[in-house]
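Here is the structure we will look at.
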Amino acid sequence: QVQLVESGGGLVQAGDSLRVACVASGRTFSSYSMGWFRQAPGKEREFVASINWSGPGAYYADSVKGRFTISRDNAKNTVYLQMNSLKPEDTAVYYCAARKGGYIRMTIASWDYWGQGTQVTVSS
């Protein structure tokens, strides 16, 4: 069982940067692929980025490629999402997710564990 707790959300202006973090419980964090999803009001939850268990492999949605960076620190059981050049359309609740196996999985059903989410609001 893995429990995930996100933090770091907030209100920023367009063009600003923000980093959200997700801390995982359990001693096998390093064996899980980790991902970030987001859900805007009235929209379905969508894939943002994912990273493999060791860190070098990362995959991004086209909408955030070049602006967002996912990383992980297995010693701290933490995965990060660095968000630069934020846009109002990035406003959403950001969720952390974990799964055993491959990290290139864009569908919600492919992920086994979820955090409660952290709100990111970007004003224009």
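Of the possible donor and acceptor atoms, one in the side chain of E6 sits under 3.5 Å from a partner among the backbone N and O of G117. Side-chain N or O atoms of S63 include none that pairs as donor or acceptor with a backbone N or O of A61 at under 3.5 Å.
Only one option out of W36, Y59, Y95 pairs with V48 in a side-chain contact (heavy atoms from CB on, under 4.5 Å); it is W36.
Contact detail for A49 and Y60: the closest heavy-atom pair is CB-CD2, 3.6 Å. Taking every heavy atom of both residues into account, A40 and A92 meet most closely at N-CB, 3.8 Å. Shown here for S25 and N77, the closest heavy-atom pair between the two residues is C-ND2, 4.4 Å. For the pair C22 and L4, the tightest heavy-atom approach, listed with the atom from each and the gap, is SG-CB, 3.8 Å. Residues N74 and S30 share a closest heavy-atom pair of ND2-CB, 3.6 Å.
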Verdict with reasoning, F29 to M34, per side-chain contact (heavy atoms from CB on, under 4.5 Å): CA-CA 9 Å; F29 172 76; M34 300 298 297; 3.6 Å; yes
After noting the C-alpha distance and the side-chain angles of S50 and W111, does the key distance pass the side-chain contact (heavy atoms from CB on, under 4.5 Å) rule? CA-CA 11 Å; S50 59; W111 295 81; 3.9 Å; yes
Mind running side-chain contact (heavy atoms from CB on, under 4.5 Å) on V20 and M83 for me, showing each step along the way? CA-CA 8 Å; V20 292; M83 302 180 287; 3.9 Å; yes
Test side-chain contact (heavy atoms from CB on, under 4.5 Å) applied to E46 and Q39, step by step: CA-CA 6 Å; E46 65 176 4; Q39 188 166 16; over 6 Å; no
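In Q119, the CD atom is crowded: over 12 heavy atoms of neighbouring residues, nucleotides or ligands sit closer than 6.0 Å.
Side-chain atoms of R38 and Y94 include a donor-acceptor pair closer than 3.5 Å. Counting only N and O atoms by type, the side chains of S17 and N84 include a donor and acceptor under 3.5 Å apart. For S33 and K100, the side-chain atoms include no donor-acceptor pair closer than 3.5 Å. In this model, no donor atom of one side chain and acceptor atom of the other lie less than 3.5 Å apart for T91 and E89.
Cation-pi contact between R72 and W53: absent, since separation from the ring centre below 6.0 Å together with deviation from the ring axis within 45° is not met. Stacking of R105 on the aromatic ring of F47 is not recorded, the 6.0 Å distance cut-off and the 45° axial limit not both being met.
Under the 4.5 Å side-chain heavy-atom criterion for Ile, Leu, Val, Met, Phe, Trp and Tyr, Y113 and V93 are members of distinct hydrophobic clusters. In terms of hydrophobic clustering, with Ile, Leu, Val, Met, Phe, Trp and Tyr side chains grouped at heavy-atom distances under 4.5 Å, I70 and Y32 are assigned to a common cluster.
Going from atom OH of Y80 over to atom OG1 of T69 covers 14.0 Å, rounded to the nearest 0.5 Å. To the nearest 0.5 Å, atoms CD1 (I51) and CD1 (I104) are separated by 12.0 Å. One finds the OG atom of S123 at 5.0 Å from the CD atom of Q13 (value rounded to the nearest 0.5 Å).
Take K65 and apply the salt bridge (charged side-chain N to carboxylate O under 4.0 Å, His left out) test, not counting sequence neighbours, and it matches D62.
By the 4.5 Å heavy-atom criterion applied to side chains, V122 and K87 are not counted as neighbours. For the pair F68/Q82, no side-chain contact is recorded, criterion being any heavy-atom separation below 4.5 Å from C-beta on. Contact of the S71 side chain with the V79 side chain is not registered, since no non-hydrogen atoms from C-beta on lie closer than 4.5 Å. Counting heavy atoms from C-beta on, the side chains of R67 and D90 come closer than 4.5 Å. Within the 4.5 Å cutoff, the side chain of L18 has no heavy atoms near those of the D16 side chain.
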